Number of protein chains: 2
Amino acid sequence: MKKSRRSGKVTLSDVAAAAGVSAITVSRALRDSSTVSEGALARIERAVADLGYVPNVAAQALASNRTNIIGAIIPSVTNNVFSDVLKGIYNAIEGTPYQLQLGNTRYTVLEEERLVRTFLSQRPAGLIVSGIDQSPATRELLKTSGVPVVQIMETGPDPIDLMVGFSHRLAARAAVEHLIEAGYRRIAFLGARMDPRTQRRLLGYRDALGDAKIDEDLIMTTPRPSSVILGGHLLGDLLARRPDVDAVFCNNDDIALGALFEAQRRNIAVPSGLGICGFNDLEYMEAATPSLTSVRTHRLQMGATAVELLARAIEGNRPEADVVDLGFDVTPRESTRR
Amino acid sequence: MKKSRRSGKVTLSDVAAAAGVSAITVSRALRDSSTVSEGALARIERAVADLGYVPNVAAQALASNRTNIIGAIIPSVTNNVFSDVLKGIYNAIEGTPYQLQLGNTRYTVLEEERLVRTFLSQRPAGLIVSGIDQSPATRELLKTSGVPVVQIMETGPDPIDLMVGFSHRLAARAAVEHLIEAGYRRIAFLGARMDPRTQRRLLGYRDALGDAKIDEDLIMTTPRPSSVILGGHLLGDLLARRPDVDAVFCNNDDIALGALFEAQRRNIAVPSGLGICGFNDLEYMEAATPSLTSVRTHRLQMGATAVELLARAIEGNRPEADVVDLGFDVTPRESTRR
DNA sequence: AGGAAACAAGACAGCGCTATCATTGTCAAC
DNA sequence: GTTGACAATGATAGCGCTGTCTTGTTTCCT
């Protein structure tokens, strides 16, 4: 007797036989119940429940040449900023028919390109990519794929398709303007991992200082990945070079927290001796002693909006605006109040 | 003329035609090149490159009734602990043929069960689940699936299949023993989100106090999700109830950091007036002023080991030991040095 | 030289589903 | 009564790949 290759699972035909209809009717009933008569639908639903039928997604994908996968490609899973965005994505995807698949570039453009290729080969329903600095090849792949794409984290000119984020340059500028208004004049920029977003924040820092006609030669950066410890080191190095600095604009909150701890270690009073401003407004900024000024960004909402834009585009009713700017809020706290 | 349903992509047969062999030979060449002659292999490789052939994973999955998907199901993407584990998983999975698919339970057993069902219906190569507190139905599903499964985060009796983690009870006990050795006697437990792992840490806390014959009625907990701010609140509530407390064992580092900030706010000297010990040893613990004692857990290695165990099990050579205990290290720092 | 064993490659069918076209029955409009 | 529109359902043929079996070819041993 010929050995069957069947997986042992309940198939559409089994359901069809149990419900007394043909397989195709079951298929239709499950995809769009309005196309099937009430009686048949009821019998099919019973049969599905009785037999414990679970559709085979591979067969669905092969036959229909599409999937319900939304791919999200982010640089890091451990960075709090991206994990918040991811949380927003998960929240929004719940209750939709879509399933999330995650890719992790580790901040390299090449890995991003590889991931885009891998994801596209699976014919995803939509794709979420981070930032606006894709390689030309990646942009081309995405543009010609026919798959809806959302770029998140940042706004900028020339979106691949859809976009949701904010201007890092304007946000940094607003933060530094806040420091200037608070009376600080020798304001340094502390930054790690000078990725493109960081570079644009540096531009915003320069914009603000330029407008206020302030000497700007107070930039401490390192290519190393950001961390709280590194924030302390950066402040230490800065103070060694320029002991007269009176405030630091930190490229992110980890660095700001590290700077605070370093200041405490050196008995530098914050905010009177040193003003500290971070970026992103992670949860601990409010809890710190003194509480730390930061720039609030809308990360959960960014993830949620990305999914909403994508869902609409997939379903054919594209939103009027391709680019959604969620803005930011400078959130002054004790660390810059003097 | 009949309209073709073809996806427009290059298929195996296209490659086969270009290489002058049959489709099945190309399939074999791509899966195990040793089964094909050198000449044919070279021609096939050329054809693949020339045509830009990308396999259709849905067709592969349907025909072979298996995939190269490893599913990972974790409670939260924003919790640093899990994101570190996830990073370890991604690191280890690179260079293997497997692809990661992530599920997010948000700390609910029901969602976990749903995700396990969804993942299993895709016939994954292996599955990673978090903790040892799966529902009986989930355990049964996993056990009968035939899919290799690793439970991560914790060790315990009766593994579903494979297991890698450590004993939270012993780790908490060791931390509290450290506090006792440092001379603290009125030691409180601060905990948020009393999930099963937290409960077992509480047991460890009680073990240590019981052994030292110390009164243990100093437990402050809340069902709310953990955060730095909450750590401050918990310490505040504790001090209102028991101003004579001399040390806190915090269920995680966020709470420990919040407790430190709250102590600073109240001008309570750490470690002389209050000892603080956290759990997990996140990066900022070392950077804090004073640096914070914690229990180091091997999160990256946990993720990596999970993938290794799984890969071995998938390939048929199961490891000798089903359960890998990665242990922990109490890491004493300034916050408990008196 | 003869035959077993090992190797290389192909034929064929089918995995479980959906696109497409065809068929049937019902009912309102003329 | 005929017609056409529409709703409900079915038959058929794949989607692109791999499992299984078969056929041909080479190698090596006795």
Side-chain angles (χ1 to χ4, degrees), chain A residues 1-44 47-48 51-68 97 121-123 125, chain B residues 1-44 47-48 51-69 97 120-123 125:
Chain A
M1 189 174 117
K2 189 146 192 171
K3 197 159 157 201
S4 167
R5 281 168 58 197
R6 298 192 71 225
S7 60
K9 284 247 161 188
V10 178
T11 71
L12 254 197
S13 326
D14 299 333
V15 175
V21 294
S22 71
I24 187 69
T25 302
V26 178
S27 170
R28 274 195 282 253
L30 296 176
R31 282 178 292 156
D32 180 4
S33 53
S34 73
T35 58
V36 168
S37 68
E38 275 183 38
L41 184 58
R43 292 201 309 283
I44 288 167
V48 166
L51 300 174
Y53 170 71
V54 178
N56 180 321
V57 287
Q60 288 178 325
L62 181 59
S64 66
N65 197 30
R66 61 187 138 70
T67 66
N68 62 354
S121 77
Q122 296 178 49
R123 318 214 141 254
Chain B
M1 190 176 119
K2 187 147 191 170
K3 198 159 159 198
S4 166
R5 281 168 59 198
R6 299 192 70 225
S7 60
K9 284 246 159 186
V10 179
T11 70
L12 256 197
S13 328
D14 299 334
V15 176
V21 293
S22 70
I24 187 67
T25 302
V26 178
S27 171
R28 274 196 281 256
L30 296 176
R31 283 179 292 159
D32 180 4
S33 53
S34 71
T35 58
V36 168
S37 68
E38 276 184 36
L41 184 59
R43 292 202 309 283
I44 289 168
V48 166
L51 300 174
Y53 170 71
V54 178
N56 179 320
V57 286
Q60 292 183 127
L62 182 59
S64 65
N65 197 29
R66 63 188 140 69
T67 66
N68 62 354
I69 293 173
L120 284 180
S121 77
Q122 294 178 51
R123 318 217 141 250

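Since we're looking at a predicted model, the values are computed, not measured. Quick note on labels: first sequence line is chain A, next is B, and so on, each numbered from 1.
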Task: Closest listed nucleotide, where the reference is the side chain of B:R31 and the choices are C:dG16, D:dT18, D:dG16 - done: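 The nucleotide sitting nearest to the side chain is D:dT18.
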
TODO: Identify which nucleotide among C:dC17, D:dT18, D:dT9 has an atom closest to any side-chain atom of B:S64, counting heavy atoms from C-beta outward.
DONE: D:dT18

Identify the heavy atoms of [X] and [Y] that sit nearest to each other, and give their distance.
X	Y	answer
A:A18	A:A47	CB-CB, 3.9 Å
A:V10	A:D14	CA-OD2, 3.5 Å
B:A19	B:R43	O-NE, 2.8 Å
A:A61	B:A58	CB-CB, 3.6 Å
B:V48	B:V15	CG2-CG1, 3.8 Å

Can you check the [X] [atom1] to [N] [atom2] distance for me, whole Å?
X	N	atom1	atom2	answer
B:E38	C:dA9	CD	P	11 Å
A:N65	C:dT18	CG	C1'	11 Å
A:N56	C:dC17	CG	P	6 Å
B:D32	D:dC17	CG	C1'	17 Å
A:I44	C:dC17	CD1	C1'	15 Å
B:Q60	C:dG16	CD	P	17 Å
A:Q122	D:dG16	CD	P	16 Å
B:L51	D:dG16	CG	P	14 Å

Restricting to nitrogen or oxygen on both sides, can you table the protein-nucleotides 23-25 of chain C pairs closer than 3.5 Å?
none

Open item on the list: Categorize A:A40 for me: base, sugar-phosphate, or nothing, with a 4.0 angstrom heavy-atom threshold over every strand shown.
Closed with: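 Here A:A40 touches the backbone only, sparing every base.
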
Open item on the list: With a 4.0 Å limit, can you tell me whether A:S37 has a side-chain N or O closer than that to the phosphate oxygens OP1/OP2 of D:dT9?
Closed with: yes

Task: Under-4.0 Å side-chain N/O to phosphate OP1/OP2 contact, B:R66 with D:dC17 - done: no

Task: Stepwise side-chain contact (heavy atoms from CB on, under 4.5 Å) test for B:K9 and B:N56 - done: CA-CA 9 Å; B:K9 284 246 159 186; B:N56 179 320; over 6 Å; no

Table please: side-chain donor-acceptor pairs of residues 26-33 of chain A below 3.5 Å, with sequence neighbours left out.
| residue | atom | partner | partner atom | Å |
| --- | --- | --- | --- | --- |
| A:S27 | OG | A:R31 | NE | 3.2 |
| A:S27 | OG | A:R31 | NH2 | 2.8 |
| A:R31 | NE | A:S27 | O | 3.3 |
| A:D32 | OD1 | A:S34 | N | 3.2 |
| A:D32 | OD1 | A:S34 | OG | 2.9 |

Open item on the list: For a side-chain contact (heavy atoms from CB on, under 4.5 Å) check, start with the C-alpha distance between A:Q122 and A:T67, then their side-chain angles and the critical distance, and finish with the verdict.
Closed with: CA-CA 8 Å; A:Q122 296 178 49; A:T67 66; 5.5 Å; no

Task: hbond_proxy B:R28 side chain to C:dG10 base (donor-acceptor, 3.5 Å cutoff) - done: yes

Open item on the list: Can you pull out the residues from residues 12-27 of chain B that lie within a 4.0 Å heavy-atom distance of DNA chain C?
Closed with: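 Only B:V21, B:S22, B:I24, B:T25 qualify.
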
TODO: For the pair A:L41 and A:E38, evaluate side-chain contact (heavy atoms from CB on, under 4.5 Å) and give the outcome as yes or no after the intermediate values.
DONE: CA-CA 5 Å; A:L41 184 58; A:E38 275 183 38; 5.6 Å; no

